[in-house]
Number of protein chains: 2
Amino acid sequence: MNSPIIASNPSFIESKDILSRAISKHIFIILVADCKIDYVGRSSSKMSWGERVIMLKSDGAVLIHRKTNYKAVNWQPPGANITVSLERGELNIRADRRRPRETLSITCRKIIFISSFLLKDEASFDMLLSEADIYKVLMLYPSLIEPEFRISKQQKELGGGKADITGFDKNGQYTVVEIKRIPADSNSVKQLYRYISNLRTTSPQVRGILLAPNINASAKNLARSLSIEYYSLDLKKIADIYSKKNSSDVERLDKHLF
Amino acid sequence: MNSPIIASNPSFIESKDILSRAISKHIFIILVADCKIDYVGRSSSKMSWGERVIMLKSDGAVLIHRKTNYKAVNWQPPGANITVSLERGELNIRADRRRPRETLSITCRKIIFISSFLLKDEASFDMLLSEADIYKVLMLYPSLIEPEFRISKQQKELGGGKADITGFDKNGQYTVVEIKRIPADSNSVKQLYRYISNLRTTSPQVRGILLAPNINASAKNLARSLSIEYYSLDLKKIADIYSKKNSSDVERLDKHLF
DNA sequence: TCCTATATGTCGGCC
DNA sequence: GGCCGACGTATAGGA
């Protein structure tokens with residue numbers, strides 16, 4: 001964090017100066033202002049005067065937050081072109097993007113507070129136990145799926161980069177395994193069913209196994225009616241195995257599979 | 001905006017004081033801090049030290065923003081229980097919620113900036129031309145759907161409170177109309193197909209009409225193969241009609257249909 | 001409470 | 001760049 005700028009009740013001239021400079025230098029800006037908002041694009045919206053918190057990020061993202069709710073009331077994703085102007089005694093901030101063509105206009109009649117600064121943040125964001133992580137562990141220990149389960153050498157591309165496993169059960173029956181790291185719902189069942197339904201036209205005994213930490217009642221019923229099996233997945237056990245990856249084969253899997 | 005509090009480089013003691021007071025009084029807080037984040041819940045994530053912007057809102061919503069991207073990297077929706085504590089020389093902010101059980105922990109080793117204030121904002125947020133708005137206009141002027149189209153007195157509950165219209169075309173053929181205010185995709189087609197597919201088992205000539213400002217190529221193909229018709233919807237025309245609602249029947253529709 | 005469908009969904013994959 | 005599918009999706013509305 002170097003050279004933060006903080007100004008309370010700045011004039012429009014001062015505000016415009018701070019904003020223009022910060023925007024051109026891709027510096028983070030927080031603004032608290034009495035403003036009105038116009039958005040036109042895929043949808044359109046309008047909001048009249050009120051005090052809101054506005055963030056302008058270094059990548060062009062724009063966020064307008066009201067006093068409640070966790071989502072921004074209006075926004076522009078990264079890459080927006082941000083311009084600032086003084087018009088009729090009001091400070092206007094516009095954020096435009098093409099494809100889709102969308103414009104966001106913030107008209108301020110009073111700047112309560114403005115701050116701009118650089119954020120030093122190089123940390124990685126680690127989502128723990130992703131579906132891909134579970135996949136890696138199961139690939140290493142197929143018996144976690146089912147005793148004597150053998151994984152097919154050729155992993156079918158089941159669409160959309162999904163981390164699913166195909167193989168053969170102890171009776172040699174071809175089996176498709178779908179992994180979820182969150183409770184399975186009827187979509188999970190339907191998805192697995194889509195995968196195996198055409199396989200079943202030629203060999204009806206193809207098994208579909210859904211592995212998830214949990215399943216809701218309707219999904220369970222749907223699975224039963226579609227002859228899809230559900231087994232609960234012990235995420236803690238998987239996490240324990242995964243956490244020992246330092247000296248283990250998970251690293252090799254990382255290299256070879258991803 | 002009354003009595004805003006702004007502090008640069010506050011001590012932990014001072015910060016905790018400001019935070020505790022603001023949280024108990026449900027006052028908006030913006031915090032810029034060098035912090036690390038732990039989230040455990042439906043998923044889990046971890047992020048080590050870095051400078052981020054944190055918002056604590058009056059309704060219990062918590063947002064952690066990094067220097068880029070328009071979405072918060074971690075968050076807690078409204079209703080979270082927020083607690084602040086000093087532990088081992090670090091300031092910890094926890095936001096917990098039940099159902100689903102989720103905890104978000106923000107550990108700060110340096111507070112760069114803290115500000116708390118009330119936001120005066122009573123404005124309404126107006127989303128213009130919703131699907132329901134289009135529905136109202138088409139209910140008033142069925143010929144916009146198709147010349148001589150007659151709307152069925154009994155609107156079928158087609159599921160999920162959908163703003164869809166059923167009626168009869170100029171040949172007396174039963175027709176289901178699905179309205180989209182954004183470009184139609186294959187989901188739109190599939191949805192309409194689900195509605196009419198069982199109707200078609202008894203009367204195969206039932207028509208399905210998809211009305212949208214636009215349609216993508218794959219959806220168009222899917223529609224053709226499922227014998228669903230697509231017609232483009234002139235949103236501008238609809239908006240023009242809708243905007244004249246003051247003295248018109250749209251108001252009556254508002255009262256009677258919603 | 002659960003289920004369903006929408007969303008300015010966003011995001012990331014692959015083609 | 002577009003299409004497709006998952007997401008800590010969130011969110012609203014009905015059963």
Side-chain angles (χ1 to χ4, degrees), chain A residues 37-46 61-64 69-80 95 97-104 125 127-132 157-164 178-188 190-191 194-195 213 216-219 221-222 258, chain B residues 39-45 61-62 69-80 97 99-104 125 127-132 157-164 178-188 190-192 194-195 216-222 258:
Chain A
I37 312 289
D38 289 281
Y39 154 69
V40 178
R42 285 165 294 178
S43 179
S44 54
S45 70
K46 219 175 245 299
V62 178
L63 296 150
I64 300 158
N69 292 319
Y70 103 95
K71 294 201 86 175
V73 61
N74 281 109
W75 68 91
Q76 203 64 285
R97 72 161 167 161
R98 306 168 179 280
R99 222 163 17 257
R101 177 91 189 137
E102 302 199 282
T103 66
L104 176 63
F125 177 78
M127 183 70 91
L128 309 175
L129 260 198
S130 68
E131 232 155 71
E157 186 46 64
L158 296 173
K162 281 279 303 147
D164 287 330
E178 171 161 351
I179 303 158
K180 297 285 295 177
R181 75 181 163 77
I182 59 175
D185 59 11
S186 35
N187 277 329
S188 328
K190 284 176 202 158
Q191 190 179 343
R194 276 197 296 276
Y195 291 152
N216 69 39
S218 68
N221 289 334
L222 183 59
F258 295 90
Chain B
Y39 154 71
V40 179
R42 286 166 294 178
S43 178
S44 53
S45 71
V62 179
N69 293 318
Y70 109 92
K71 294 205 85 174
V73 61
N74 281 110
W75 69 91
Q76 203 65 286
R97 72 159 167 162
R99 216 167 27 256
R101 176 92 190 133
E102 303 200 281
T103 67
L104 176 63
F125 175 78
M127 183 71 91
L128 311 174
L129 258 200
S130 68
E131 227 156 77
E157 186 47 64
L158 295 173
K162 280 281 301 148
D164 287 329
E178 170 160 352
I179 303 157
K180 299 281 297 176
R181 78 180 166 78
I182 57 174
D185 59 11
S186 34
N187 277 330
S188 328
K190 285 176 201 159
Q191 192 182 341
L192 179 52
R194 274 198 296 276
Y195 291 151
N216 69 41
S218 67
K220 200 166 198 168
N221 288 335
L222 183 59
F258 294 92

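Chain naming here is simple, since letters A, B, ... match the order of the sequence lines and numbering starts at 1 in each.
Between D:dG8 and B:Gln76, no contact under 4.0 Å exists linking OP1 or OP2 to a side-chain N or O. One finds a side-chain N or O of A:Lys180 lying less than 4.0 angstrom from the OP1 or OP2 phosphate oxygen of D:dC7.
Computed from coordinates, the A:Lys71 NZ to D:dG8 P distance equals 13 Å when rounded to whole Å. The distance from atom CH2 of B:Trp75 to atom C1' of C:dG9 is 13 Å, rounded to the nearest whole Å. Atom P of nucleotide C:dT10 and atom CZ of A:Arg42 are separated by 4 Å, given to the nearest angstrom. At whole-Å resolution of the value, CG in A:Asn69 and P in C:dT8 are 13 Å apart. When the P atom of D:dT11 is taken as reference, atom CZ of B:Phe125 falls 13 Å away, rounded to whole Å. The interatomic distance linking A:Arg97 (CZ) with D:dG1 (P) rounds to 11 Å, in whole Å. Spacing between atom OH of A:Tyr70 and atom P of D:dG8 amounts to 10 Å, rounded to whole angstrom units. For the pair B:Ile179 CD1 and C:dA7 P, the interatomic distance rounds to 12 Å; values are reported in whole Å.
When the C1' atom is used for both D:dA10 and D:dA6, the distance is 14 Å, rounded to whole Å. Spacing between C:dT8 and D:dG14 at atom C1', rounded to whole Å, works out to 25 Å.
Among the atoms of the strands shown, base atoms are found under 4.0 Å from some heavy atom of B:Glu102. Note on B:Asn187: nothing from the nucleic acid sits closer than 4.0 angstrom, heavy atoms only. Contacts of A:Tyr39 with the nucleic acid, taken as non-hydrogen atoms under 4.0 Å apart, include base atoms.
Judged by distance alone, the side chain of A:Glu102 and the main-chain N or O of A:Arg42 form a donor-acceptor pair under 3.5 Å.
Counting heavy-atom neighbours within 6.0 Å of B:Arg101 CZ, excluding the residue itself, gives a total above 12.
If you find the closest nucleotide of DNA chain D to B:Pro78 and to B:Ser45, the one lying nearer the 5' end belongs to B:Ser45.
Take A:Ser44 and apply the side chain to side chain donor-acceptor pair (under 3.5 Å) test, not counting sequence neighbours, and it matches no residue. Under the side chain to side chain donor-acceptor pair (under 3.5 Å) criterion, B:Thr103 pairs with no residue, sequence neighbours left out.
Considering every non-hydrogen atom in both B:Pro78 and A:Asn69, the closest pair reads CG-CA, 3.9 Å.
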